[in-house]
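Beneath this line is the structure, given in structure tokens, with notes to follow.
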Amino acid sequence: YLNTIATEFNVTTMLWQRSPDDRMILVELAETNAAMRVHMNVGQRLPLFIGAFGRCMAPRRTLSKAALRRAFDTLRWQDAPAFNAWLEEVKAAGSRGFAVDVDHYVRGVTTVAASVAGADDAPVMAVSAVGFSAQFGQRELISLAEAIRDTALRLGTAAGAGTAAT
């Protein structure tokens, strides 16, 4: 699945595993063959709530707004969104099954993600794709987001999840 998305959309596609310390660990990736691409290393760790996958992991957690605010305030963004805007994007991710981060975590970079639910329907992994922001029009971005969401749903089904990915 990762290779298909990477090739079709000219992005780096990744599978992230949630760790017990509220971090995400990159466990697998597929890269495009494009001369210019975003590269990440397997084993890389990022905060649970950063970027697009953070917006997907947050709605499945039972945290208060104050707890989310405390976690949000620890994140390092190149161009941080306002907390209330981020919180609205978290809610949107919960309903549409994917999230998008355009130029916030890293300027010039767009990330799309969806969480993968485990057997107890809690988010245990995330699928994401990353590329340069200028390469995406609205139509391409929505198509990519739907492909990422569908992949997360397939992985969740394989893991025995009973509800949709977010």
Side-chain angles (χ1 to χ4, degrees), residues 1-32 37-63 67-68 70-72 74-77 81 86-102 104-106 109-131 136 140-166:
Y1 298 125
L2 298 181
N3 284 323
T4 299
I5 294 171
T7 301
E8 182 177 346
F9 294 97
N10 283 324
V11 294
T12 299
T13 311
M14 297 160 285
L15 181 63
W16 298 86
Q17 174 73 49
R18 182 171 170 203
S19 68
D21 64 349
D22 282 343
R23 309 279 293 173
M24 296 293 278
I25 302 168
L26 180 58
V27 295
E28 188 62 65
L29 66 89
E31 293 183 307
T32 177
R37 60 184 173 258
V38 177
H39 174 76
M40 299 182 76
N41 294 316
V42 170
Q44 182 170 350
R45 296 167 47 90
L46 293 175
L48 180 64
F49 294 135
I50 200 73
F53 67 61
R55 291 169 176 89
C56 292
M57 299 302 278
R60 304 287 287 273
R61 302 279 309 259
T62 55
L63 296 177
L68 284 172
R70 284 189 300 275
F72 178 85
T74 67
L75 302 174
R76 295 183 191 153
W77 309 77
W86 178 82
L87 199 56
E88 287 301 315
E89 292 169 355
V90 166
K91 290 176 187 173
S95 63
R96 67 182 176 204
F98 64 84
V100 178
D101 180 273
V102 180
H104 288 291
Y105 179 52
V106 176
V109 173
T110 293
T111 306
V112 177
S115 65
V116 177
D120 62 357
D121 289 331
V124 294
M125 301 182 96
V127 177
S128 70
V130 61
F136 302 109
E140 293 86 5
L141 193 57
I142 294 300
S143 293
L144 173 59
E146 290 171 347
I148 291 293
R149 180 195 61 213
D150 293 349
T151 297
L153 285 168
R154 284 186 197 102
L155 293 173
T157 299
T163 63
T166 57

Pro81 vs Arg55 side-chain heavy atoms within contact, under 4.5 Å
yes
Parallel, tilted or perpendicular for Phe72 and Trp77, by the 30°/60° rule?
tilted
Euclidean distance, Met57 CE relative to Ile50 CD1, rounded to 0.5 Å:
14.0 Å
Check Ile25 against Ser19 and note the closest heavy-atom contact, atom names and distance.
CD1-CB, 3.7 Å
Aromatic rings Phe49 and Trp86: how do their planes relate, parallel, tilted or perpendicular, breaks at 30° and 60°?
perpendicular
Between Asn10 and Thr32, is any side-chain donor less than 3.5 angstrom from a side-chain acceptor?
yes
Interatomic distance, CD@Glu88 vs NZ@Lys91, rounded to 0.5 Å, equals 4.5 Å
Is the shortest heavy-atom distance from the side chain of Leu2 to the side chain of Val127 under 4.5 Å?
yes
Answer whether the closest heavy-atom distance between the side chains of Leu15 and Leu155 falls below 4.5 Å.
yes
Is the shortest side-chain heavy-atom distance between Met40 and Leu46 below 4.5 Å?
yes
CD of Glu8 to CG of Asn3: how many Å apart, nearest 0.5 Å?
12.5 Å
Could you walk me through whether Ile148 and Phe98 pass the side-chain contact (heavy atoms from CB on, under 4.5 Å) check?
CA-CA 8 Å; Ile148 291 293; Phe98 64 84; 5.6 Å; no
Which atom pair, heavy atoms only, marks the closest approach of Ser128 to Thr111?
CB-CG2, 4.2 Å
As an exercise, state the distance from SG of Cys56 to CE of Met125, rounded to the nearest 0.5 Å.
14.5 Å
So CD of Glu146 and CZ of Arg96: to nearest 0.5 Å the spacing works out to 10.5 Å
Where is the tightest heavy-atom contact between Ala99 and Ala52, given as atom of each residue plus distance?
CB-O, 3.4 Å
Give the minimum heavy-atom separation between Pro123 and Ser115, together with the two atoms involved.
CB-CB, 4.0 Å
Arg18 versus Met24, closest heavy-atom pair with distance:
CA-SD, 3.6 Å
Checking Glu31 side chain against Val11 main chain: does a donor-acceptor pair fall under 3.5 Å?
no
Ignoring hydrogens and angles, tell me if any N or O in the side chain of Thr7 forms a donor-acceptor pair with the backbone of Thr4 under 3.5 Å.
no
Rounded to the nearest 0.5 Å, the CD atom of Gln44 sits from the CG atom of Leu29 at a distance of 10.0 Å
Flag the pair Thr12 / His39 as yes when at least one side-chain heavy-atom distance between them is below 4.5 Å, and no otherwise.
no
Does any non-hydrogen side-chain atom of Asn41 lie less than 4.5 Å from one of Leu26?
no
Answer whether the closest heavy-atom distance between the side chains of Arg70 and Thr74 falls below 4.5 Å.
no
Please name the pair of heavy atoms, one in Ala58 and one in Val90, separated by the smallest distance, quoted to 0.1 Å.
CB-CG1, 3.7 Å
